[in-house]
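See structure below.
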2 protein chains.
Amino acid sequence: MPKPGSRLRLVDVAEAAGVSLATASRSLTGRDGVSEEVASRVRQVAASLGYVVNPYARTLAGGASSSVGLVVHQVDDPYFSEIAGGVIQVAGERGLMVQICHSGRDPDYELRQIRHLIAQRVGVIIIAGSGYDDPRTEASTKAELTAFQSLGGRVAVIGRHALGVDAVLPDNEAGGFALGAHLLSLGHRRLAVAAGTGALTTVTDRMAGVLRSLRSLGLDPSSLPVVHTDFTREGGCRATEQILRDHPETTAIIALNDAMAMGVLSVLRGLKISVPKKMSVVGFDDVSVAADLAPSLTTVRLPMTDMGRMALELALKPPSTRARRRSTGHTLVVRDSTGPPRR
Amino acid sequence: MPKPGSRLRLVDVAEAAGVSLATASRSLTGRDGVSEEVASRVRQVAASLGYVVNPYARTLAGGASSSVGLVVHQVDDPYFSEIAGGVIQVAGERGLMVQICHSGRDPDYELRQIRHLIAQRVGVIIIAGSGYDDPRTEASTKAELTAFQSLGGRVAVIGRHALGVDAVLPDNEAGGFALGAHLLSLGHRRLAVAAGTGALTTVTDRMAGVLRSLRSLGLDPSSLPVVHTDFTREGGCRATEQILRDHPETTAIIALNDAMAMGVLSVLRGLKISVPKKMSVVGFDDVSVAADLAPSLTTVRLPMTDMGRMALELALKPPSTRARRRSTGHTLVVRDSTGPPRR
DNA sequence: TTGAAAGCGCTAACAT
DNA sequence: ATGTTAGCGCTTTCAA
């Protein structure tokens, strides 16, 4: 790979403004020690010359690191690409680079990616994938991130992680409750859940909400069939096959994300089981295609783009002693995939 | 933003390996001037120590720039997120950062983004969005990129651009032909096209293929209704409304990308016009949800992830005098949205 | 409040 | 083939 092009340097700006290099630097970084008068003049000159700081030099010199590492399970999963969109927006506004990497839903691989980001000297790490119910790797990850933070790095996560860092918390439990309550209020009593791997906190939390909806009506949660498979479309397919085989009386399937719901719908379509006439189906996330499936999918909307924005904004705030939390809301979006049970 | 953490430096590796800094550097960058014996020992030591080069220092020192700028119309559009996935894979393999930015399908805004990437000193720029039939901005963009390249920067584009740089060329014309031929062979004679903005070369090329399919059967291409709207789902909706209003005899709609096809299907569903019984619909791209729409969408598959990989690989090759081109293939994927016309 | 100068960690001339 | 050293452009002590 080549060298980046040579350009205007800060010395050139300093010279044009008739100040020293140090003063120019202070003016542009917003550090104090410069009269506001001089500072604004320098900024003026810099802008008129079209000066853009060299992020490599700045970072090397010990200034702010100008890149943020974003860890997603997979970028070409709509849930994550929407989050990435939000992160990229904010980064763009602040002139930061975003380095995206995949975790593949594997805590060990994720830890390696995080180590790599740190080694690469990113200044901020955003972990957008779900947390894991795996104390061992969570502990290693936490140790790594704590060391990173003690050296000045910033971290924010999306989802419930046991990492002791700033977090954006999607409304998973409440969303799960809303989904269960919706189906119960339609009259369904034979529910089944197509759940992702139990090792993901996202799955656990959404599940908890579903169970609470049953209890709130005095129903026995232990009678609810829950099939744990991959948290993907393919997992949705397999879960559905199993549900149909082991629980043929089921009238509604709750998929714990939209990808799984797509798998559910696809299997039902293949078997010509009409939705919602013979089977109601709900998803979770409201990825943009959810409205275009046929039937269009009833689901819980999470503000993914905003979650991405919030996470980066949180990470860029001055650090606080205690980890901060921002909860998102959720919206139940009722579409055509749910209706009263056939009777 | 904080400083990145302090870590192992190349001197430490050099010391541990008992060689000089320069030798260590040469060993790790693969430069020659070191005996293969020493070089491999240094690499060994570096690996065992967990050394990772500081990209900021390396870039500043005039070595390879370690970041690639990726310009997409929008990351949370599945077409682009799949391409981004490919670029990220390759970048990950080579230890490069990927800086993604949005162009929003606006040539002027795109030019600004490119300028910004250059100012940020990326070493490689990948433009993944369609080219524009707009000589003015294409010329400005070309000038900018030429200057960038003359300073050592590398560029590759995906799609037909008039930029004189290495390019990955999606099989747009042939794909358009395949789509037209498929419908014609089913017996359709009343086609209509929901096309994106005529300003995009992607639209022009796909359209050309469709027209050729008509001519190949001796039909008159000028009688084909073509509605140009946004190259999005929303555009597909509006195009469909217009087609139904002005050309009610239409039996098949060709949408020039899957996003538009989703809009088409959605309007038809709303009007209870059955697909494919009363209307056949085809899309283009084969984004991953295409198979999950109902009816599942007949479309032309483009290898988006590979296109992303190829583009970055192309850009990372040693520069050549003439611009290189890599054509992709395409596959017609026939699903349930097409059938013979109602008679 | 401002300026001069010492690095940050690395690569690439320039020696040897 | 290997080592020595001068920067890359910036931030940040340290002096004034």
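Fair warning: this is a prediction, and the values are worked out from it, not measured in the lab. So you know, we letter chains A, B, ... as the sequences are listed, proteins then strands, and number each from 1.
- At whole-Å resolution of the value, CZ in A:R58 and P in D:dT11 are 5 Å apart.
- Put simply, CG on A:L60 is 5 Å from C1' on C:dG9, counting in whole angstrom units.
- If you check distances only, the side chain of A:R121 never reaches the base of C:dG9 with a donor-acceptor pair under 3.5 Å.
- Here B:F80 pairs with B:H73 under the ring-ring contact (aromatic ring centres under 6.0 Å, His included) rule; sequence neighbours left out.
- A:R26 comes within contact range of at least one nucleobase, with a heavy-atom separation under 4.0 Å.
- Distance, B:L21 CG to C:dG9 P: 12 Å, rounded to whole Å.
- Rounded to a whole Å, the CG atom of A:L28 is 9 Å from the P atom of D:dC10.
- Contact between the side-chain N/O atoms of A:S25 and the OP1/OP2 oxygens of D:dT11 is found at a separation under 4.0 Å.
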Item to check | CA sep, side-chain torsions, deciding dist, call: B:R9, B:D12, salt bridge (charged side-chain N to carboxylate O under 4.0 Å, His left out) | outcome: CA-CA 5 Å; B:R9 290 155 312 156; B:D12 302 322; 3.3 Å; yes
Checklist entry - Checking salt bridge (charged side-chain N to carboxylate O under 4.0 Å, His left out) for the pair B:R112/B:E144: CA distance, chi angles, key distance, verdict? => result CA-CA 10 Å; B:R112 285 214 299 286; B:E144 205 75 39; over 6 Å; no
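- Using a 4.0 Å cut-off, some side-chain N or O of A:Y51 falls inside it from OP1 or OP2 of D:dC10.
- As rounded to whole Å, 16 Å separates atom P of C:dG9 from atom CD of A:Q120.
- For the pair B:L10 CG and C:dC8 P, the computed distance is 14 Å after rounding to whole Å.
- Nearest to the side-chain atoms of B:A57 among the listed nucleotides C:dC10, C:dT2, C:dG3 stands C:dC10.
- Listed nucleotides: C:dA4, D:dG9, D:dT11. Nearest to the side chain of A:A22: C:dA4.
- For the OP1/OP2 pair of C:dC8 and a distance below 4.0 Å, the side-chain nitrogens and oxygens of B:R9 include no atom meeting the criterion.
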Checklist entry - Hey, mind stepping through B:E36 and B:R43 against salt bridge (charged side-chain N to carboxylate O under 4.0 Å, His left out) and telling me if it holds? => result CA-CA 10 Å; B:E36 185 44 49; B:R43 281 193 292 266; 2.7 Å; yes
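- One interatomic measurement links the two molecules: CG of A:D12 to P of D:dC10, which rounds to 8 Å at whole-angstrom precision.
- In this structure, B:R31 places its CZ atom 16 Å from P of C:dC10, rounding to the nearest Å.
- Residue B:T59 places none of its side-chain N or O atoms closer than 4.0 Å to OP1 or OP2 of D:dC8.
- Contact between the side-chain N/O atoms of A:T23 and the OP1/OP2 oxygens of C:dG3 is found at a separation under 4.0 Å.
- Between A:S20 and C:dA4 there is no side-chain N or O to OP1 or OP2 distance below 4.0 Å.
- Shown here are the side-chain contact (heavy atoms from CB on, under 4.5 Å) partners of A:R325, two or more places apart in sequence or in another chain: A:A167, A:L169.
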